[in-house]
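Model, not experiment: these values are computed from the prediction. When reading the values below, keep in mind they use all heavy atoms of this one structure, side chains included, and skip hydrogens, waters and symmetry mates. Throughout, numbering of the chain's residues begins at 1 and tracks the sequence.
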Amino acid sequence: MKGPLSILFVLALFMAGCAPAAMPAADPMQPPGNAVPPTPTPEPRTLTIFAAASLTDAFTEIAKNFETANPNVTVTFNFAGSQALRTQIEEGAPADIFASANTKEMDTLISGGFVTDGTQKIFLTNKLVVIVPADNPAALTNLEDLVNPGIKLVLAAEEVPVGKYARQALDTMNGQFGSDFKDKVLANVVSNEDNVKQVVAKVQLGEADAGIVYTSDAVAAPDLKTIEIPAELNVIAKYPIATLIGSASADLAQAFIEYVLSPDGQAVLQKWGFAPAP
């Protein structure tokens with residue numbers, strides 16, 4: 001090979017030797033370069049809480065805070081009278097947490113084997129107050145007025161924690177206002193409700209002149225007026241909370257309870273009128 005053709009052949013060989021080596025095909029399962037693989041998105045989880053009706057406003061706010069801190073978690077509630085919730089749990093209703101307005105319903109579930117051992121805690125206390133409509137048509141100003149003839153009084157039913165507490169307070173008032181005070185007050189009861197929120201609603205709607213509820217319920221209904229019950233005549237309600245045996249998310253349930261017991265959780269409860277646990 002001579003002349004121009006030989007020169008071209010030599011140049012072709014030189015260019016072939018300078019070509020870069022072929023790169024291996026990229027593995028589609030590996031991130032490019034030294035990039036860190038993306039963190040898998042946590043699976044969505046739901047936490048179901050059965051809670052006393054009086055906890056509605058406070059627990060709704062606490063749940064929003066908990067969901068913000070745990071973006072993959074949705075908290076759902078069943079708010080009702082504690083006695084009704086206990087019955088539903090005994091009948092197999094799925095739930096992760098039970099928060100009761102008294103120790104009786106919690107103790108019953110513990111005895112029945114529905115509560116995870118050692119998880120129950122008293123997480124707050126509450127007390128009673130008399131509520132009246134904003135316009136106070138019966139002109140009630142003190143506890144003694146509850147015996148006035150024709151007064152329409154609404155209580156929770158006796159098997160409901162707040163209904164039982166109200167009757168206990170009336171027993172105590174007998175010592176100050178006369179041995180028949182409780183009987184006269186109960187004679188004015190026109191309705192016994194299934195939970196405390198129904199008592200509040202009756203008074204708000206003007207269907208009752210007064211009701212006996214928790215302080216927290218009065219805080220949640222600022223449109224109503226109140227008549228205080230002195231400490232020596234009042235009842236202190238203790239609220240327990242616990243994880244249930246059938247919980248599908250026991251770790252998440254415990255995390256929620258720990259948040260409720262934390263300073264941040266307790267601050268929300270106190271904002272809504274509850275008092276700290278003893």
Same cluster (ILVMFWY, side-chain, under 4.5 Å), Phe98 and Leu261:
no
State, without any angle test, whether Gln204 and Asp223 hold a side-chain donor-acceptor pair at a distance under 3.5 Å.
yes
Would you say Asn188's side chain and Leu146's backbone share a donor-acceptor pair under 3.5 angstrom?
yes
Taking all atoms of both residues into account, what is the closest heavy-atom pair of Asn102 and Pro161, and its distance?
ND2-CG, 3.5 Å
Do side-chain atoms of Asn142 reach the backbone of Asp145 as a donor and acceptor pair under 3.5 angstrom?
yes
Give the minimum heavy-atom separation between Phe274 and Ala58, together with the two atoms involved.
CE1-CB, 3.9 Å
Is any side-chain heavy atom of Lys202 closer than 4.5 Å to one of Gln198?
no
Where the side chain of Lys127 meets the backbone of Val235, is there a donor-acceptor pair that is under 3.5 Å apart?
no
Look up atom OG in Ser262 and atom CD1 in Ile62, then write down how far apart they are to the nearest 0.5 Å.
8.0 Å
Using side-chain heavy atoms (C-beta onward) and a distance below 4.5 Å, is Glu193 in contact with Val154?
yes
Taking Val200 as the starting point, is it possible to reach Val190 by hopping between hydrophobic residues whose side chains are less than 4.5 Å apart?
yes
Would you say the side chain of Phe77 lies within less than 4.5 Å of the side chain of Thr56, judging by non-hydrogen atoms?
no
Would you kindly say whether Asp96 and Ser249 are connected by a side-chain donor-acceptor distance under 3.5 Å?
no
Shortest non-hydrogen contact between Ala218 and Val213, atoms and distance
N-CG2, 4.5 Å
Please check if the side chain of Asn234 supplies one atom and the backbone of Ile229 the other of a donor-acceptor pair under 3.5 Å.
yes
For Val162 versus Ala156, what's the shortest heavy-atom pair and its separation?
CG1-CB, 3.3 Å
Establish whether Ile241 and Leu252 are linked, either directly or via other cluster members, by ILVMFWY side-chain heavy-atom contacts under 4.5 Å.
yes
Aromatic rings Phe66 and Tyr259: how do their planes relate, parallel, tilted or perpendicular, breaks at 30° and 60°?
tilted
Nearest 0.5 Å, please: how far is CG in Asn65 from CZ in Phe256?
9.5 Å
Over all heavy atoms of both residues, which pair between Asn148 and Leu140 is shortest? Give the atoms and the distance, please.
ND2-CD2, 4.4 Å
Under the criterion side chain to side chain donor-acceptor pair (under 3.5 Å), which of Gln88, Gln83, Glu90 is the partner of Arg86?
Glu90
Non-hydrogen atoms of Lys238 and Pro278 that approach each other most closely
CE-CG, 4.2 Å
Kindly work out whether a path of hydrophobic side-chain contacts (I/L/V/M/F/W/Y, heavy atoms less than 4.5 Å apart) joins Val260 to Val115.
no
Exceeds 12 heavy-atom contacts within 6.0 angstrom, atom CD of Glu232
yes
Is it the case that more than 12 heavy atoms not belonging to Lys182 sit under 6.0 Å from its NZ atom?
yes
Using modelled atom types and a 3.5 Å cut-off, is there a donor and acceptor pairing between side-chain atoms of Gln266 and backbone atoms of Phe123?
yes
